[in-house]
Amino acid sequence: MPDFRYAVAVMPKAGILDPPGRAVEQSLPHLEIGGIRDVRVGRRVELTVEAADEPAARAVVERLAHELLSNPLIETYAIEAIGGASSIRGAPAGSAGPAGGPA
Amino acid sequence: MKVGIVVFPGSNCDTDALHAVRLAGASGELLWHEEPDLHGSDVVILPGGFAYGDYLRAGVIARFSPIMRSVAAHAARGGLVLGICNGFQVLAEAGLLPGALLRNATLRFVHRWVTVRVERSDSPFTAGVPEGTLLRMPVAHGEGCYFAEPETLDALERDGRVLFRYLDNPNGSLRDIAGIRSAAGNVAGLMPHPERAAEPLLGSDDGLRLFRSLVESAGEALAAGARR
């Protein structure tokens with residue numbers, strides 16, 4: 001069966017108190033950065049699904065996103081099909097300096 | 001009358017809960033999360049700790065553990081279930097109690113004594129503790145801020161399902177809610193640790209009153225069942 005790679009982004013629902021987002025905002029003056037507001041902090045899960053076809057794979061990810069990866073009472077999620085190992089690339093751990101192409 | 005205390009990987013208040021159960025005069029047993037068998041427990045306690053390291057969301061991975069199907073079935077049959085701290089988080093993620101426990105509003109892991117008011121004593125968990133009684137118990141949590149939508153909160157208040165309320169809200173919980181019960185009344189959860197306030201040596205034995213209520217209520221229910 002073919003593999004399908006997805007990223008699930010989970011964010012706090014609009015209107016939900018987001019203490020981590022607030023904490024980031026509060027730290028910005030320490031970095032002497034201004035002009036930033038409405039910081040919301042979520043989580044991203046990437047996974048490979050083995051399924052007969054894309055609709056079947058997406059159905060599995062929808063179920064996972066709804067039941068495990070997010071709490072529908074307080075969070076929303078978005079599913080994105082991604083190619084390759086990750087849509088977010090960076091230098092492997094231990095190498096010097098940033099690397100990687102466009103996200 | 002037997003109390004079963006579920007142990008998830010990362011639970012760390014299980015033996016304290018077992019000790020409190022014994023102080024309250026009942027026998028207890030630790031139940032490993034991977035085995036669905038409740039071993040004839042009349043009461044199930046989900047103890048405090050960091051089940052699965054609180055990974056992803058506190059309580060979410062634990063709520064899929066094999067034993068939780070049995071716990072849900074036990075609750076559906078009217079069996080008593082008490083979730084303490086992490087246990088409350090597991091019950092909320094499992095949908096056995098409404099709402100969610102969010103990151104503390106202050107962002108700090110709060111670890112101190114709190115005072116809660118017993119809001120109802122018509123509950124197996126608080127029978128024998130008069131309404132209005134103040135209990136001193138410790139809290140120790142990073143995600144204890146109780147949240148539910150306004151309609152749910154209103155329903156909880158209206159139906160007398162708020163069991164404990166903070167006098168000194170340590171985490172931003174809405175309506176100062178420290179603990180609630182299910183609609184049927186046999187499932188309850190609270191963020192403070194009654195098992196850590198079970199002996200004067202610990203600084204308070206107020207928490208023991210909840211274990212005594214639980215043990216006596218369950219014992220009476222068993223006896224009533226046996227008489228039928």
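We use all heavy atoms of the structure for the numbers below, so side chains are in, but hydrogens, waters and symmetry mates are not.
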Participant: Measuring heavy-atom distances to chain B, does Leu73(A) have an atom under 4.5 Å in its side chain, in its backbone, in both, or in neither?
Facilitator: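 It is both, since atoms from each part get that close.
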Participant: Is the CZ atom of Arg37(A) crowded by more than 12 outside heavy atoms at less than 6.0 Å?
Facilitator: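 No, not enclosed.
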Participant: Find the one option among Val45(A), Val10(A), Leu69(A) whose heavy-atom pairs under 4.5 Å with chain B are most numerous.
Facilitator: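 The residue among Val45(A), Val10(A), Leu69(A) with the greatest pair count is Leu69(A).
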Participant: For the interface with chain A, which of Thr152(B), Leu107(B), Leu102(B) has the highest count of heavy-atom pairs at distances below 4.5 Å?
Facilitator: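 Max contact count across the listed options: Leu107(B).
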Participant: Counting heavy atoms not belonging to His66(A), are there more than 12 under 6.0 Å from its NE2?
Facilitator: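 Open.
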Participant: Taking all atoms of both residues into account, what is the closest heavy-atom pair of Ala100(B) and Asn71(A), and its distance?
Facilitator: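 Nearest heavy atoms, Ala100(B) then Asn71(A): CB-ND2, 4.0 Å.
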Participant: Would you say the side-chain atoms of Arg22(A) pair up with the backbone N or O of Thr106(B), donor to acceptor, closer than 3.5 Å?
Facilitator: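 Not confirmed, Arg22(A) side chain does not pair with Thr106(B) backbone.
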Participant: Go through the steps to decide whether Asp18(A) and Arg103(B) satisfy the test side-chain contact (heavy atoms from CB on, under 4.5 Å), and finish with yes or no.
Facilitator: CA-CA 8 Å; Asp18(A) 179 30; Arg103(B) 189 88 183 269; over 6 Å; no
Participant: For Pro20(A), is it the side chain, the backbone, both, or neither that has a heavy atom closer than 4.5 Å to a heavy atom of chain B?
Facilitator: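 For Pro20(A), heavy atoms of backbone and side chain both lie under 4.5 Å from chain B.
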Participant: Using a 6.0 Å cut-off, check whether atom OH of Tyr55(B) has over 12 heavy atoms from anything other than its own residue.
Facilitator: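 It does not: Tyr55(B) OH has 12 such atoms or fewer within range.
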Participant: Which atoms form the tightest heavy-atom contact between Leu56(B) and Leu68(A), and what is the distance?
Facilitator: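 For Leu56(B) versus Leu68(A), the nearest heavy atoms are CD2-O, 3.4 Å.
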Participant: Whether the side chain of Arg43(A) engages the backbone of Arg57(B) through a donor-acceptor N/O pair (distance < 3.5 Å, no angle test) should be reported.
Facilitator: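 No.
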Participant: Could you tell me if the side chain of Phe147(B) sits less than 4.5 Å from the side chain of Leu17(A), heavy atoms only?
Facilitator: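 Side-chain contact under 4.5 Å: no.
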Participant: Take a 6.0 Å sphere around CZ of Arg63(A) and say whether it holds more than 12 heavy atoms from other residues, nucleotides or ligands.
Facilitator: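 No.
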Participant: Please classify the contact of Glu75(A) with chain B as side chain, backbone, both or neither, using a heavy-atom distance under 4.5 Å.
Facilitator: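 The side chain, not the backbone.
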